[in-house]
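Every chain is numbered from 1, with letters handed out A, B, ... down the list of sequences.
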Amino acid sequence: MLTSFPGAQLAIGPPITDGFYYDFDIGRPFTPDDIELLEGKMHKILAEDQPFDREVIDRDQGLEMFADQRFKTEIITDGEASQGVGDGVITVYRNHDFVDLCRGPHVRSTGFLSAFKLLRSAGAYWRGDEHNPQLQRIYGTAWNSQKDLDAYLERLEEADRRDHRKLGVALDLFSFPSELGSGLAIWHPKGALVRKIIEDYSRNTHLAHNYDIVSTPHVAKANLWETSGHLDFYAEGMYPAMELDHGQEYYVKPMNCPFHILVYQSSARSYRRLPMRLYELGTVYRYERSGVLHGLLRIRGFTQDDSHIFCTEAQLAEELQALLDFTLMVLRDFGFTDFEADLSTKPEKAIGDPELWDRATDALRASLEVADLPYEVAEGEGAFYGPKIDVHVRDAIGRRWQLSTIQVDFAQPENFSLEFNSPQNTRERPVMIHRALMGSIERFAGILIEHYAGAFPGWLAPVQAAILPVADRHNDYAAGVADELASLGLRVEVDDHDDTLGEKVRRAITAKTPAVLVVGDDDVEHGTVGLRLRDDEGEERGVPVPDAGRRLVELCAPPR
RNA sequence: GCUGGCGUAGCUCAGUGGUAGAGCAGCUGCCUUGUAAGCAGCAGGUCGUGGGUUCGAUCCCCACCGCCAGCUCCA
């Protein structure tokens with residue numbers, strides 16, 4: 001770096017998962033040519049097996065040694081242990097003329113570094129603070145062998161092939177027309193069908209688990225958001241106010257909770273009717289900063305499978321236990337099997353009775369223990385209004401996604417002065433649980449697309465069976481087969497394009513349709529189909545239509 | 001929001017200071033097809049939007065919109 005870019009200012013360069021980065025300031029961004037040049041030099045240095053030597057120096061020596069490096073000087077002045085600056089002692093590693101702060105340990109020589117690749121450069125803030133100047137960060141990946149490196153690069157390509165934004169176009173599921181604005185999606189017929197299947201599943205399972213479905217509007221007066229505290233704590237995440245008659249301000253909802261609270265408040269509540277579980281597929285809008293938007297995974301308009309549970313303090317533990325079981329059931333139904341959770345505890349600045357915090361946190365922890373869910377405690381990471389559990393899943397290629405969140409909320413019942421009548425006919429304050437299992441339907445769909453690489457299991461596939469007439473004289477028979485299968489509840493499509501069979505087969509396969517049925521002369525004569533299943537090799541000829549129907553119904557059976 | 005890159009047909013992309021091209025998709029015709037692309041023809045673009053420079057801008061400059069990578073953010 002210093003030989004190629006004399007005067008370059010070096011910041012920090014730590015190892016990270018799968019590799020490393022280093023932040024520099026060379027007064028301009030790096031170009032792809034710069035990266036290539038640096039990578040070439042690095043390969044040369046590795047081949048020369050240059051030694052790294054550890055030295056321990058004192059603070060004054062350090063300041064002198066790094067006098068022309070302002071970031072290093074700052075690190076020494078601030079005494080950052082992670083960078084090798086200890087109490088009056090500094091460890092540095094020397095490699096020929098180059099010397100850098102480093103806590104160590106360090107490989108003995110450059111020959112120990114066998115396989116790496118520089119991946120990209122991008123801006124990054126000094127010390128990660130957006131108020132500080134931006135540096136240029138170079139990312140690289142490093143492995144024990146070329147084989148490991150190749151495998152890693154292959155994983156990156158696999159992730160790229162699964163990218164839901166690309167599959168969304170290829171499978172004609174959704175799009176983001178620029179006319180709409182950033183972070184707003186439209187769902188095409190096939191995508192909307194997948195959504196409907198997910199949403200129907202969600203509604204049905206909630207009804208089956210003693211939730212009450214409610215329905216609420218998209219906007220509400222400013223006053224409601226003042227009461228809920230959103231205008232104090234969340235205003236920058238909200239779309240700006242709309243002013244109506246007499247200067248009355250309305251806001252589009254970023255969350256559903258205040259509406260569900262109003263449902264709770266619509267009548268006097270008794271302990272006999274708690275817990276009360278209000279559920280809604282609630283569409284909300286949040287003003288996410290433009291740079292964070294990412295396909296369906298980070299979007300400005302989305303629909304939550306949202307519920308607010310109102311219960312007594314005494315009911316909290318049992319309710320949380322049942323809720324976590326319900327959550328895992330839902331996630332398993334969508335094909336996820338590996339779960340990890342975070343338990344976020346009381347932050348320094350928090351509201352509510354500390355004893356209540358303890359009990360709620362213990363209840364959350366107990367539910368994790370009973371469910372045998374591996375979890376980590378995120379000390380002090382809870383919201384100011386209550387502790388929470390976040391559930392993460394691993395997808396088919398091992399990536400971790402946060403899906404479900406279960407939050408205990410001591411604040412909103414207070415804000416809205418919620419009450420219920422106790423057995424002693426006193427007025428008590430309920431506890432609220434705020435929870436979303438899929439999180440957002442859009443994001444969940446996006447994650448499913450990546451998890452399944454677009455090849456949805458039968459029950460989620462928008463088209464479960466494609467029926468391909470060999471020649472156009474078989475179109476009528478194909479339509480008859482389609483009717484028969486549709487009457488069994490299957491989603492089928494006849495491909496009557498004027499194309500060769502090979503072309504139609506290719507179209508059905510690239511659309512990742514679970515079952516491809518071919519019908520020709522033999523089939524018309526015998527009442528059969530040729531059957532080719534996505535997950536099986538080869539094809540089967542002469543399958544009687546009722547048999548094919550039975551098998552497809554089984555293949556496409558929903559989890560419940 | 002910040003830094004950098006990008007925006008050409010429905011999709012994927014080429015290209016040029018003198019108003020543009022390919023493949024796929026689409027349409028039409030031929031073919032009547034038995035398991036991953038049959039053949040031919042046609043049509044399709046205000047080159048993201050608005051300003052500026054220029055005799056002339058899709059190309060150069062500025063702003064905005066949108067996309068991508070990373071940073072920051074996600075109560």
Side-chain angles (χ1 to χ4, degrees), chain A residues 21 23 25 28-32 34 119-139 160 163 165-166 168-170 172 175-184 188 228-238 254-255 257 286-295 297-300 347 349-350 381-386 388 390 402 405 407 409 411 434 439 443 466 468-475 497-511 516-524 528-532 537-542:
Chain A
Y21 67 78
D23 289 344
D25 184 2
R28 65 166 177 88
F30 291 105
T31 66
D34 295 336
L119 295 175
R120 66 178 78 86
S121 71
Y125 299 104
W126 168 233
R127 294 183 185 283
D129 185 334
E130 64 179 314
H131 302 294
N132 283 338
Q134 253 190 345
L135 309 173
Q136 296 302 318
R137 175 171 299 176
I138 295 179
Y139 282 93
D160 194 52
D163 190 317
R165 295 165 299 183
K166 292 184 176 170
V169 174
D172 196 17
S175 59
F176 293 89
S178 57
E179 290 88 336
L180 281 184
S182 226
L184 300 170
H188 303 189
S228 69
H230 285 97
L231 282 178
D232 282 339
F233 291 101
Y234 198 70
E236 76 287 354
M238 294 167 70
M255 292 181 193
C257 11
R286 296 182 186 174
Y287 186 76
E288 303 280 7
R289 295 165 89 181
S290 59
V292 307
L293 299 169
H294 183 87
L297 303 181
R298 193 82 181 266
I299 196 173
R300 283 182 176 158
K349 199 170 152 245
E381 291 296 309
F384 69 89
Y385 52 72
K388 65 171 178 177
D390 292 319
Q402 189 199 315
T405 179
Q407 305 195 347
D409 186 347
H434 174 123
R443 186 177 127 89
L468 317 183
V470 171
D472 55 14
R473 65 175 175 278
H474 310 121
N475 284 359
H497 286 81
D498 181 16
D499 287 317
T500 58
L501 182 63
E503 176 76 47
K504 294 181 195 183
V505 168
R506 179 171 189 280
R507 186 154 46 230
I509 288 174
T510 50
V516 178
L517 278 59
V518 173
V519 295
D521 288 331
D522 298 346
D523 300 297
V524 173
T528 58
V529 298
L531 188 57
R532 174 179 180 132
E537 288 290 313
E539 82 261 5
E540 230 179 300
R541 292 280 294 273

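Atom NE2 of A/H188 and atom P of B/rG10 are 14 Å apart (whole Å). Separating the CG atom of A/D23 from the C1' atom of B/rC71 is a distance of 9 Å, rounded to the nearest angstrom. In this structure, the CZ atom of A/F384 is 15 Å from the C1' atom of B/rC74, given to the nearest Å. Regarding A/L184, its CG atom lies at a distance of 9 Å from the P atom of B/rG66, rounded to whole Å. In this structure, CG of A/L293 is placed 15 Å from C1' of B/rC71, rounded to the nearest angstrom. A/D390 places its CG atom 14 Å from the P atom of B/rC74, with the value rounded to the nearest Å.
Between atom CG of residue A/D390 and atom CD of residue A/Q402 there is a gap of 4.0 Å, rounded to the nearest 0.5 Å.
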Distances under 3.5 Å between nitrogen or oxygen atoms of protein and nucleotides 2-6 of chain B:
unit_1, atom_1, unit_2, atom_2, d
B/rC2, O4', A/Y125, OH, 3.4
B/rC2, O2', A/Q134, OE1, 3.1
B/rC2, O2, A/Y125, OH, 3.3
B/rC2, O2, A/Q134, NE2, 2.9
B/rU3, O4', A/Q134, OE1, 2.1
B/rU3, O2', A/Q136, NE2, 3.3

Atom pairs under 3.5 Å, N or O on each side, protein against nucleotides 11-14 of chain B: can you list them with distances?
none

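Distance from the side chain of A/E539 is smallest to B/rU35 among B/rG66, B/rU35, B/rC74. Of the candidates B/rC74, B/rA36, B/rG34, B/rG34 carries the atom nearest the A/D523 side chain, counting heavy atoms from C-beta on.
Rounded to whole Å, the P atom of B/rU46 lies 14 Å from the corresponding atom of B/rC11.
Under 4.0 angstrom from either OP1 or OP2 of B/rC68 there lies no side-chain N or O belonging to A/R120. In this model, the phosphate group of B/rC71 is approached by a side-chain N or O of A/Y139 to a distance below 4.0 Å at OP1 or OP2. In this structure, A/H474 does not reach the B/rG34 phosphate: none of its side-chain N or O atoms is under 4.0 Å from OP1 or OP2.
Residue A/R286 is classed as having no contact, given no heavy-atom separation below 4.0 Å to the nucleic acid.
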I'd like to compare against my own output: the B/S/- annotation of nucleotides 24-33 of chain B with a strict under-4.0 Å heavy-atom distance to protein.
-S----BBBB
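The pairing partner recorded for B/rA14 is none, the criterion being a Watson-Crick or G-U wobble arrangement whose two distances lie under 3.5 angstrom.
Between the side chain of A/R298 and the base of B/rC73, at least one donor-acceptor pair of N or O atoms lies under 3.5 Å.
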